[in-house]
Amino acid sequence: MAASALLRLDEQLESEAASLVLARAWDVFGIVAKLAHCITFDEGSDELQAMIVSQQCSEGRDRLPLPETSLLVTAAQPEPGGPGLARVP
């Protein structure tokens, strides 16, 4: 689930190694953009806001330099609707 991947990334963003923080920020933008893209096509969601978030994440990622490391964190496809957005304990 995207939420658990973001929680792992949150811990890594606290690192003192700039290259690790850059790589994690790159991953955060990517995961949130994918999540927002999924929400855009989810029935009953605010498609316009989700599409804007997806575009802004893509633009934010484009402004970052390419990370030196390639430790991509992956997330499973969220469930449709509200359950897919539920916080993971």
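Scope of the values below: all heavy atoms of this structure, side chains included, with no hydrogens, waters or symmetry mates.
- Looking at Ser45 and Thr40, their side chains never come closer than 4.5 Å, going by heavy atoms from C-beta outward.
- Closest approach of Arg61 to Gly30, counting heavy atoms only: NH1-CA, 3.7 Å.
- Of all heavy-atom pairs spanning Ala36 and Ala50, the tightest one is CB-O, 3.3 Å.
- Residues Leu22 and Trp26 fall within the same hydrophobic cluster, defined by Ile, Leu, Val, Met, Phe, Trp and Tyr side chains chained together at heavy-atom separations under 4.5 Å.
- Between atom CD1 of residue Ile39 and atom CE of residue Met51 there is a gap of 13.5 Å, rounded to the nearest 0.5 Å.
- Rounding to the nearest 0.5 Å places OG of Ser58 at 10.5 Å from NZ of Lys34.
- One hydrophobic cluster, built from ILVMFWY side chains closer than 4.5 Å, holds both Leu66 and Phe29.
- The OG atom of Ser54 lies 13.5 Å from the CD atom of Glu47; values are rounded to the nearest 0.5 Å.
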